[in-house]
Enquirer: 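One structure follows; several queries about it will come next.
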Amino acid sequence: MKKIGIMTTGGDCSGLNSVINRVVLGAYNRGWRTFGIIDGTDGLCHMPANAIELTPESLPIENARLAGSFLHNGNSGVMNFETAVKMGRIATFNKNLKKSLAGMGLDALILIGGNGSFSLAYKNNDIYNNLSLVCIPKTIDFDIPLTDRTIGFDTAVNELVKYCDQVLLTARSHHRWFVVQTMGRECGRLALNAGVAVGADAIIVPEIKFNIHDLVEHIKCATRDYGIIMVSEGITIRGHSGRPADMISRALSAAGINNRAAFPDYIQRAGDTTAADRITAAKMVTCALDAIENGETNVMTALRGGECMTVPLAEFYAAGDVSPDPNIPDLCTSNAYIEPDDPLLDVAAAMNIYIGEMK
Ligand code: F6P
């Protein structure tokens with residue numbers, strides 16, 4: 001009988017509980033025991049680790065659909081990689097994690113995380129070398145290379161669509177434009193997908209250069225006097241400062257266009273998990289449990305063309321744009337962005353959505 005651990009790290013999103021739920025059920029089906037580590041590496045660095053055994057009976061029925069993490073994701077105020085590096089205590093911190101894992105007697109660990117957590121796991125691999133480490137990608141930003149999907153992305157797009165559908169009614173009532181700022185860090189995939197889904201008139205993302213005068217002209221020439229301008233949080237405009245949606249809103253106001261900036265904020269990480277995210281969770285968990293059964297380690301699950309497979313963490317790291325992580329000193333993370341040949345860009349252009357200076 002195998003003993004597996006599971007933890008959620010980094011920012012939360014909808015779908016984490018679906019993954020936890022599927023892991024517990026799938027592991028139980030194989031005759032394995034599952035231990036949930038509370039608060040990610042914050043809980044793991046305690047001695048003994050802060051963990052609980054999870055069984056199908058102990059999982060609340062609503063657990064597979066609710067956002068957030070039943071196991072919690074950690075608290076940036078306590079000891080974690082970031083604070084350990086800042087305090088010069090990373091060696092002790094890593095040693096504690098390794099000891100804690102050994103104390104739990106785990107055969108495998110499923111780490112549900114984003115590109116920061118995976119890059120950390122890859123760079124500090126020694127911590128996990130006595131067990132099988134399998135990572136499951138989650139993030140609303142969808143900025144992880146080599147996978148067609150990340151857990152939480154589909155729900156985040158859906159939450160933005162619901163938000164914009166409501167805001168559009170006010171937009172129409174008041175002949176007003178809404179500049180909706182999405183999350184996503186430096187990756188515009190969330191804004192692009194949500195923008196196409198709601199039929200925005202413009203989508204501004206960090207990967208594509210845009211011109212504020214062209215945007216203003218595009219809105220002035222629109223067939224309606226209301227609508228959505230979707231703006232990713234990672235954009236910058238030379239000579240302007242403040243939140244991206246505010247910057248664009250001010251430029252529109254200066255041109256006499258009635259508008260408001262709107263910030264859906266953390267609802268993008270909330271909302272009941274969509275069926276698509278739950279199916280991705282089920283596929284990735286099955287693939288992760290198979291990988292553990294086959295003795296694989298240091299891998300990430302990846303969805304490609306509907307199929308789920310494992311990819312070595314080394315390949316994940318090499319495939320992305322590796323750059324310093326703004327949140328974790330001394331760490332370079334591997335990042336994915338909108339590719340220039342993303343078919344959705346052509347679709348957006350064909351729908352007369354302003355997306356900047358394409359290709
Ligand atoms: O990476 C997910 C994400 O929601 C980003 O889109 C956003 O910029 C960031 O996390 C917000 O993080 P925090 O929870 O620290 O405010």
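As the structure is a computational prediction, the values presented were derived from the model and not from experiment. Order of listing sets the numbers, starting from 1, for every ligand and every atom in it.
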Enquirer: Please check this pair: side chain of Thr155 against backbone of Thr274, looking for a donor-acceptor N/O pair closer than 3.5 Å.
Expert: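 Confirmed, Thr155 side chain pairs with Thr274 backbone.
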
Enquirer: To the nearest 0.5 Å, tell me how far Arg172 CZ sits from Tyr226 OH.
Expert: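 Answer rounded to 0.5 Å: 5.5 Å.
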
Enquirer: Between Arg149 and Asp154, is there a salt bridge with N-O shorter than 4.0 Å?
Expert: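 Here Asp154 does not pair with Arg149 in a salt bridge, since their nearest N and O are not under 4.0 Å apart.
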
Enquirer: According to ring-ring contact (aromatic ring centres under 6.0 Å, His included), does anything in residues 111-155 pair up with another residue at least two apart or in another chain? List the pairs.
Expert: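 Those involving residues 111-155 are Phe118-Phe316, Tyr122-Tyr317, Phe142-Phe153.
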
Enquirer: Students should find this: residues with any non-hydrogen atom under 4.0 Å from ligand 1. What is the answer?
Expert: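 Its neighbours under 4.0 Å (heavy atoms only) are Ile140, Asp141, Met183, Gly184, Arg185, Glu233, Tyr266, Arg269, given by chain and number.
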
Enquirer: Do the side chains of Glu159 and Lys162 get close enough for a salt bridge, i.e. N-O under 4.0 angstrom?
Expert: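 Result for this pair is yes, salt bridge flagged.
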
Enquirer: Between CG of Asn115 and SG of Cys332, what distance do you get to the nearest 0.5 Å?
Expert: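 Interatomic distance, Asn115 CG to Cys332 SG, rounded to 0.5 Å: 12.0 Å.
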
